[in-house]
Amino acid sequence: MALRPDPGRAAGEPGRLRGTAGRDALVARALARPVKTIVLVYVLTRLLALAAMWAAATWVQNPAGVGHLNPTVADLFGLWDAQWYRRIAEGGYPVPLPVDPQTGIITYSAWAFYPAFPLLVRAGTAIGLPFPVAGLLVNLPLGLLGALIVWRIFGLATHAAPQAHRDRLALVAACLWCFYPATGVLLIPYSEALALVVIAGTLFLVMRRSYWLAALTLLGLGYTRAVAPALGLAILVHLVARARDERRSGTRLFAGDRCALIVLTVSVAVSALAWPATVGMLTGRPSAFFDVQKAWGQEPQNGPFVLWLAWAWEARGVFGVALIVGIVAAYLALVAGRHGQWLPLEVRAWALAYPLYLLAVVRPITSMWRFLLLDFPAAALVASVAMRTSAGERIVPHWRRRVALVALALCAGMAWWTVAFLTYVPWAATPP
């Protein structure tokens with residue numbers, strides 16, 4: 001007896017083929033216009049972040065945290081560190097150093113915050129713009145520029161896979177970075193967008209061997225963010241790798257770039273010391289910056305990693321310590337393993353150095369979610385895992401669905417971060 005075709009299967013197959021063809025065409029258009037794709041994703045995620053802020057202000061923000069009965073999104077733009085950046089932009093830094101009137105010990109002050117971002121915002125306030133609006137107008141384009149630089153860095157991968165495969169993986173990774181839960185901070189007057197541009201830009205210039213320009217951006221980093229040691233390690237890895245390659249090829253070591261590399265190396269040291277030294281000179285107290293940091297709770301004298309391990313032990317005992325060690329080990333394995341192999345060596349060095357640097361010098365604080373926004377190589381690792389590839393090759397057929405699920409999870413994380421950390425309740429403070 002002849003088998004009759006399944007009408008449902010016969011009718012459904014063309015639809016599935018058309019759907020697959022449509023998705024393939026959409027991906028092809030996205031890859032053909034990567035800049036446009038990243039701009040669209042960036043704008044979409046900024047709108048999602050703004051929607052999360054609106055929901056948090058409308059339904060979660062306690063009136064006691066903003067001083068009136070009807071909290072709005074505008075209130076969230078002026079909370080937490082934004083208040084300190086506003087003080088700097090509008091009134092500068094306090095001299096002499098503020099001290100506790102009872103103990104005479106140096107207390108909280110604006111000197112803990114680096115000046116590059118508030119000085120940029122001051123240009124907007126000088127023409128009459130409100131501080132939150134000026135901060136938004138600074139951060140929005142800087143965040144987009146940072147996302148584009150991150151995409152270009154991922155595209156410089158040196159793996160043997162075809163360029164088209166690397167381009168696809170780099171584009172997905174850059175777009176997933178835009179979905180990171182704490183990217184809502186790119187809307188408010190915080191320095192993350194500027195720091196991203198300076199850090200990613202410096203790495204990009206070093207990888208392209210534009211050492212003179214990289215030295216200039218490093219000097220800017222010295223007044224933007226205290227991450228010069230971690231970035232210096234990534235630069236050192238670049239120099240070691242270049243020296244190794246030139247020895248193998250028999251060419252003259254650092255030919256034509258020796259002077260620039262000396263300046264670049266000095267710039268790393270200057271970047272690390274620039275703001276602490278400036279604070280010391282302006283206040284007349286050499287240790288002023290570190291004294292203010294101590295008032296804010298930083299205790300580097302206890303040793304690297306000690307505060308995190310002690311916090312984990314106090315919270316969950318052996319299980320807590322094992323958990324934090326396991327998370328760090330799993331991350332290091334991802335960076336060093338096949339999912340990190342497609343990344344440039346300098347980017348992998350930053351991916352290792354920056355989070356370890358944070359754990360070494362920053363006390364346990366909820367702001368770590370925001371700080372890890374600058375660990376942009378993590379987005380590349382997530383993209384590689386989601387697409388089940390290490391270089392864009394042998395991607396699973398349903399990779400689009402997997403990436404979409406990751407993006408949805410990150411959207412939920414964005415809502416959680418906004419509600420949990422961006423809102424302010426005086427008696428239960430969890431700073432973003």
Side-chain angles (χ1 to χ4, degrees), residues 113-117 142-143 145-154 156-157 177 180 190-243 254 257 260-278 289 293 298 300 304 331-332 335-336 340 343-362 367-368 370-381:
F113 297 88
Y114 283 60
F117 173 72
L142 283 178
L145 177 58
L148 292 172
I149 297 174
V150 166
W151 162 68
R152 289 288 289 129
I153 286 177
F154 291 157
L156 292 177
W177 177 85
Y180 181 72
Y190 271 56
S191 64
E192 266 63 31
L194 177 61
L196 173 70
V197 169
V198 176
I199 292 167
T202 301
L203 274 177
F204 180 76
L205 291 170
V206 169
M207 292 161 64
R208 296 296 296 267
R209 299 188 180 183
S210 299
Y211 299 128
W212 289 107
L213 289 176
L216 287 176
T217 58
L218 272 170
L219 295 178
L221 179 65
Y223 291 96
T224 304
R225 203 69 167 218
V227 295
L231 192 56
L233 181 60
I235 294 172
L236 177 62
V237 168
H238 166 82
L239 297 180
V240 171
R242 176 176 172 177
F254 303 132
D257 288 321
L261 287 174
I262 292 173
V263 173
L264 180 67
T265 304
V266 172
S267 295
V268 173
V270 171
S271 178
L273 300 174
W275 183 235
T278 301
F289 175 78
Q293 288 289 342
Q298 295 299 105
Y331 174 78
L332 297 180
V335 176
L343 292 170
L345 188 60
E346 298 87 346
V347 177
R348 295 174 77 186
W350 171 252
L352 292 172
Y354 178 62
L356 291 177
Y357 172 75
L358 290 180
L359 289 174
V361 303
V362 177
S367 295
M368 283 291 287
R370 167 171 59 91
F371 297 157
L372 289 174
L373 174 66
L374 302 179
D375 183 21
F376 55 87
L381 301 176

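These numbers were taken from a predicted model, which means no experiment stands behind them.
Checked by atom type and distance alone, the side chain of Thr202 pairs as donor or acceptor with a backbone atom of Val198 at under 3.5 Å. For Tyr331 (side chain) and Leu352 (main-chain N/O), no donor-acceptor pair under 3.5 Å exists by modelled atom type. Proximity of a side-chain donor or acceptor of Trp177 to a complementary backbone N or O of Ala380 within less than 3.5 Å is not detected.
Scanning both residues, Val197 and Gly146, for their nearest heavy atoms gives CG2-N, 3.7 Å. Heavy atoms only, all atoms of each residue included: Ala116 and Leu194 are closest at CB-CD2, 3.8 Å. A pairwise comparison of heavy atoms in Gly340 and Leu381 identifies CA-CD2, 3.8 Å as the closest pair.
Annotation: side chain of Phe154 is in contact with side chain of Phe376 (closest heavy-atom distance under 4.5 Å). Counting heavy atoms from C-beta outward, Leu196 and Leu142 have side chains that stay 4.5 Å or more apart.
Distance CD1/Ile153 to CZ/Phe204: 7.5 Å, rounded to 0.5 Å. We find the CD1-CD1 distance between Ile199 and Ile149 to be 11.0 Å, quoted to the nearest 0.5 Å. How far CZ of Arg152 is from CG of Leu203: 14.0 Å, rounded to the nearest 0.5 Å. Of the inter-residue distances, the one linking Ser210 atom OG with Asp257 atom CG reads 9.5 Å to the nearest 0.5 angstrom. Rounding to the nearest 0.5 Å places OG of Ser271 at 5.5 Å from CG of Leu218. Taken to the nearest 0.5 Å, the CG atom of Leu156 stands 4.5 Å off from the CE atom of Met207.
Ring geometry, Tyr114 versus Trp275: the interplanar angle falls from 30° to 60°, so the pair is classed tilted.
Tyr180 is linked by a ring-ring contact (aromatic ring centres under 6.0 Å, His included) to nothing, counting only residues two or more places apart in sequence or in another chain. For the side chain to side chain contact (heavy atoms under 4.5 Å, CB included) test, residues two or more places apart in sequence or in another chain that qualify with Val362 are Gln298, Leu358, Ile365, Met368, Phe371.
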Which donor-acceptor pairs under 3.5 Å do the side chains of residues 222-241 make with protein atoms, sequence neighbours left out?
| from | atom 1 | to | atom 2 | distance (Å) |
| --- | --- | --- | --- | --- |
| Tyr223 | OH | Thr278 | OG1 | 2.9 |
| Thr224 | OG1 | Gly220 | O | 2.8 |
| Arg225 | NH1 | Ser191 | OG | 2.9 |
| Arg225 | NH1 | Glu192 | OE2 | 3.1 |
| Arg225 | NH2 | Glu192 | OE2 | 2.4 |
| His238 | ND1 | Glu346 | OE2 | 2.7 |
| His238 | NE2 | Val206 | O | 3.4 |
| His238 | NE2 | Tyr211 | OH | 2.7 |

